[in-house]
Amino acid sequence: MTQNLAATSRPDAAPTAQDGAASRDWWRNAVIYQVYPRSFADSNGDGMGDLPGVRSRLPYLRDLGVDAVWLSPFYASPQADAGYDVADYRAVDPMFGTLLDADGLIRDAHELGMRIIVDLVPNHSSDQHEWFQRALREGPGSALRERYHFRAGQGANGELPPNDWESIFGGPAWTRSQNPDGTPGEWYLHLFAPEQPDFNWDSPAVADEFRSILRFWLDMGVDGFRIDVAHGMVKAPGLPDIGGSEQLKLLGNDVMPFFDQDGVHEIYRSWRMILDEYPGERIGVAEAWTPTVQRTANYVRPDELHQAFNFQYLGTHWEAAALREVIDLSLDSMRPVDAPTTWVLSNHDVTRHATRFANPPGGTQIRTAGDRELGLRRARAASLLMLALPGSAYLYQGEELGLPDVTDLPDEVRQDPSFFRASGQDGFRDGCRVPLPWSGTEAPYGFGPVAGGPSWLPQPAEWASLSVESQTGDPTSTLELYRSALAVRREHPALGGGTEVTWLDAPEGVLAFRRDSAEGSFVCYANTTAEPVRVAAPGQLLLASGDEPVVDGGEIVLASDSTSWWAV
Ligand code: NOJ
């Protein structure tokens, strides 16, 4: 079905990471691949992915053609929220390996010409973090309590939470602690699970500690940080009530007294100075949910972070007018701050786009498999559209295989903490976290070393045909489509970075734009309709996500739900 007319080979390794001039502005057009370590590759057969597993698969990522790898957390953690509850920011959890493994992974990636971005979780720690444990042990009045948000409760006996904030995972955002003598004590704030107490960023000790953690990983050689809940660290003074009981959603963008407070920007200014002390342009990427794209742009002002995730784009359905609007808005809002626009379709918190687009528009948490064929067709088209846009693109592991969400996981295997805390709200993130299929006909399909061995979430039987092995060399496969797309993106002079697209006239439901460079131009057509559409033939076909467009006189027929790339 796909025409991969471009060379699939990738040139030799990209300029060595961190090598002065070669790295200038590398992040402005980088394709960054998210590895979710639990589910990428399991080297020791315990059913859980690990760092040696990731390391062994780096050549796959190099051949895929990505510029950098972002690893979700692999730090010491009780895993109450799959590692986003960190007990020790300078240690690797034994389930993922050792610091030596992390060091080897960073070195190998650099040798292969790829950069490594690690996750930093500064909004909250694990409740098993030494500071929090000491704060509990030492009781009210302990200096350690200043590093978190401990407060007396309301009500005659302090039996009510200090304010009306709710946890994003459901239930109150406060849990009552016990005094050292076992009596009910102060409450502590946790915007997420109770096992994730929020740091108090007014405490100088917290700010110092994170500057030191940044340096620790920069000294280890990482090329940047993805900053978890980057909009959450500073809370409105006095922790005022919200006054309503509307439950907050993950990736929600309502204005809240604990999100997107102006004070966070001071933190990023101080971090930027640290990043800039190191050679090779080390970057910060904000996971910031803000009410508008313009507010997101504040995080990437020249003296703050380098990139911010474009969740408005991720939340847009496969529909031409809506896509055009969000593309324009995204490019326009980043221009004044001179930051690259980023694009993302999937990550470990949302339903995979192959499943979102298999269903009617309905947000980022979808629980039904929908029309799988339609979903895959649109997902391939959407990915090709995204990779043609100016700026930096984020891929989530497995999207290059066209993986859908697993929507029928039995409740007993689920681990997403929000599944257990809320009335199901956003609690279905396990569906996009199922371990990758690499090879073979029997689960875990090469995820672990032994056929028939375990995987922490079960993989569907039909994933044998979606494995890397089964798709490699098949020109119609989604994997080969991604490989070709990344190779063309790297080679075509008009693709990659930039800030402009020139929209072309196109029939309703079709997006058409041109990108120009001194060495050649490029046209992208995306037909988001269910019907074939005739348009003017722009030049020479480079790549198509669906059936090869039929040339008919000076016109071409674009297949339904397809994107094609043209050299002009
Ligand atoms: C955002 C992360 O992506 C998500 O997985 C996590 O649950 C929350 N932050 C809390 O750390």
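We count ligands from 1, going down the list as the structure has it; atoms in each ligand are counted the same way. Start at 1 with the first residue, then count along the sequence.
- Interface of Val229 with ligand 1, defined as ligand atoms under 4.0 Å from a residue heavy atom, comprises 9 (N).
- Near Arg433, with a cut-off below 4.0 Å to any heavy atom, the atoms of ligand 1 are 5 (O).
- No more than 12 heavy atoms of other residues, nucleotides or ligands shown are found within 6.0 angstrom of CD on Glu266.
- Taking a cut-off of under 4.0 Å to the non-hydrogen atoms of Arg429, the atoms of ligand 1 that pass are 4 (C), 5 (O), 6 (C), 7 (O).
- The minimum heavy-atom distance linking Thr407 with Arg367 is given by the pair CB-O, 3.6 Å.
- At a heavy-atom cutoff of 4.0 Å, ligand 1 is contacted by no atom of Asn347, backbone or side chain.
- No more than 12 heavy atoms of other residues, nucleotides or ligands shown are found within 6.0 angstrom of CD on Glu325.
- A side-chain N or O of Thr290 and one of Thr296 form a donor-acceptor pair less than 3.5 Å apart.
- At a heavy-atom cutoff of 4.0 Å, ligand 1 is contacted by the side chain of Arg226 but not by its backbone.
- Between Tyr148 and the options Trp201, Trp174, Phe132, Tyr188, a ring pair (Phe, Tyr, Trp, His ring centres under 6.0 Å) holds for only Phe132.
- When non-hydrogen atoms are compared, ligand 1 lies under 4.0 Å from neither the backbone nor the side chain of Trp289.
- Defined by atom type and a distance below 3.5 Å, a donor-acceptor pair is missing between the side-chain atoms of Gln34 and Arg226.
- The atoms of ligand 1 that sit less than 4.0 Å from any heavy atom of Glu287 are 1 (C), 3 (O).
- Between Tyr84 and His348, the two ring planes are parallel [angle under 30°; tilted spans 30° to 60°].
- Every atom of ligand 1 with a heavy atom of Phe169 under 4.0 Å away is listed here by number and element: 7 (O).
- Residue His124 approaches ligand 1 through these ligand atoms, each under 4.0 Å from one of its heavy atoms: 10 (C), 11 (O).
- In the vicinity of Asp349, heavy-atom distances shorter than 4.0 Å reach the ligand 1 atoms 1 (C), 2 (C), 3 (O), 4 (C), 5 (O).
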